[in-house]
Amino acid sequence: MRQEKMDLKMNRLVVTVNESAQISRLRTAISQLRGVEQVTMLREAKPMGGKAVPRKLYKELLERADSLGQLADGWDGQDSKAIAPESIRRFKSAIAKADEILLEGWILFPDARGNLYLDYTGSDAVAGITMTDDRLVYFFKKDGRTVRNDHAAFTSRNLLSILSRVHG
């Protein structure tokens, strides 16, 4: 049996914290380390009885994206556009990498300009993400104040980062 050499690099660190008060300090300390590109905080849903958590929300969002992909020009009046296939492809690719907990509370809508729009309303936050074929335009508010209003390239990493900041 031939063995191939592999270059294994650690690219993910998982830390479980029992005291939520420590999370902010831990995030700040990790962010200051050289070579750290991103720190994403996630709430973990633990399966009961050791059974795998079904990806119900993921499947629902995939089905919704597929159904929105069927809209033709004029679906919401004369000037409305069909949803850009590239937006749908990038969205589906990104959420395939998302933990189910990140998808909680998000609803996918069509935008008459041919974009996808993700809407979130939680107990302490609201957020919206417009997904064009190559850009993410987003905002989120926590406790009634705007935390972020920005745009970024439409990549899986950027979309997941925004989802985690809203849930974080």
Side-chain angles (χ1 to χ4, degrees), residues 12-31 36-69 71 76 83-84 87-168:
R12 190 172 196 184
L13 172 67
V14 177
V15 178
T16 302
V17 179
N18 292 326
E19 294 181 37
S20 60
Q22 300 296 326
I23 292 174
S24 179
R25 282 184 260 162
L26 183 60
R27 182 180 200 161
T28 300
I30 292 171
S31 296
V36 173
E37 294 178 17
Q38 176 181 350
V39 177
T40 303
M41 308 304 274
L42 302 174
R43 291 183 210 142
E44 182 177 290
K46 294 185 179 180
M48 303 212 21
K51 295 180 181 174
V53 176
R55 304 229 29 223
K56 180 180 179 231
L57 298 174
Y58 166 71
K59 289 176 186 173
E60 288 173 1
L61 285 169
L62 278 184
E63 289 171 6
R64 178 72 171 154
D66 286 339
S67 106
L68 296 179
L71 296 173
D76 188 32
I83 305 302
S87 296
I88 293 171
R89 186 195 67 73
R90 287 179 191 232
F91 173 72
K92 289 167 72 173
S93 175
I95 66 167
K97 300 170 186 165
D99 293 324
E100 186 79 357
I101 193 80
L102 288 182
L103 304 177
E104 283 184 10
W106 291 97
I107 301 171
L108 187 63
F109 293 99
D111 174 308
R113 296 168 293 182
N115 303 315
L116 292 173
Y117 179 76
L118 263 178
D119 183 75
Y120 176 87
T121 302
S123 61
D124 66 341
V126 293
I129 306 168
T130 299
M131 296 167 277
T132 70
D133 58 348
D134 65 348
R135 305 289 304 159
L136 299 170
V137 180
Y138 62 97
F139 78 92
F140 66 93
K141 295 181 179 187
K142 285 211 175 209
D143 299 320
R145 66 180 182 83
T146 300
V147 176
R148 191 75 183 216
N149 186 1
D150 209 346
H151 60 89
F154 191 164
T155 66
S156 292
R157 182 180 192 162
N158 286 341
L159 181 57
L160 295 177
S161 176
I162 296 166
L163 296 178
S164 69
R165 281 188 250 163
V166 170
H167 276 285

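- Using a 4.5 Å heavy-atom cutoff, the side chains of His151 and Tyr138 are not in contact.
- Counting all heavy atoms, side chain and backbone alike, Leu159 lies closest to Ala94 at CD2-CB, 3.7 Å.
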> Yes or no on side chain to side chain contact (heavy atoms under 4.5 Å, CB included) for Leu103 and Leu61, after CA distance, side-chain angles and deciding distance?
Replying inline: CA-CA 9 Å; Leu103 304 177; Leu61 285 169; 4.0 Å; yes
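- The structure places NZ of Lys59 at 9.5 Å from CG of Leu62, a figure rounded to the nearest 0.5 Å.
- For Leu116 against Ser87, the heavy-atom pair with the smallest separation is CD1-O, 3.7 Å.
- Taking the side chain as every heavy atom from C-beta outward, Leu160 and Lys97 approach each other to under 4.5 Å.
- The existence of a salt bridge linking Glu60 and Arg64 is excluded, since no basic side-chain nitrogen approaches an acidic carboxylate oxygen closer than 4.0 Å.
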>> The test is side chain to side chain contact (heavy atoms under 4.5 Å, CB included); show your working for Leu108 and Leu68 and say whether it passes.
In response: CA-CA 9 Å; Leu108 187 63; Leu68 296 179; 3.8 Å; yes
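- In the model, Asn158 has a side-chain atom that pairs as donor or acceptor with a side-chain atom of Thr155 under 3.5 Å.
- At least one side-chain heavy atom of Thr130 sits under 4.5 Å from a side-chain heavy atom of Arg113.
- Of all the heavy atoms in Ala65 and Ile88, the pair that sits closest is O-CD1, 3.8 Å.
- In this structure, the side chains of Ile83 and Asn115 stay at 4.5 Å or more apart for every pair of heavy atoms.
- Between Met131 and Ile129 there is a side-chain heavy-atom pair separated by less than 4.5 Å.
- The closest side-chain heavy-atom distance from Glu100 to Tyr58 is below 4.5 Å.
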> Going through the checks in order, is the side chain to side chain contact (heavy atoms under 4.5 Å, CB included) test met by Tyr120 and Glu104?
Replying inline: CA-CA 9 Å; Tyr120 176 87; Glu104 283 184 10; 5.8 Å; no
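- At a threshold of 4.5 Å between non-hydrogen side-chain atoms, the residues Leu163 and Leu118 count as touching.
- For the pair Asp99 (side chain) and Ile101 (backbone), a donor-acceptor distance under 3.5 Å is absent.
- The shortest distance between side-chain heavy atoms of Phe140 and Val126 does not fall below 4.5 Å.
- Counted by atom type alone, Arg157 and Ser161 present zero donor-acceptor pairs between their side chains at under 3.5 Å.
- With hydrogens and angles ignored, the 3.5 Å screen pairs no side-chain donor or acceptor of Thr146 with any backbone N or O of Arg148.
- Closest heavy-atom contact between Ser164 and Leu102: CA-CD2, 3.5 Å.
- Residues Tyr117 and Ala127 share a closest heavy-atom pair of OH-O, 4.3 Å.
- Between the side chain of Arg90 and the main chain of Phe154, a donor-acceptor pair closer than 3.5 Å is present.
- In this structure, OG1 on Thr121 lies 7.0 Å from CD1 on Ile107, to the nearest 0.5 angstrom.
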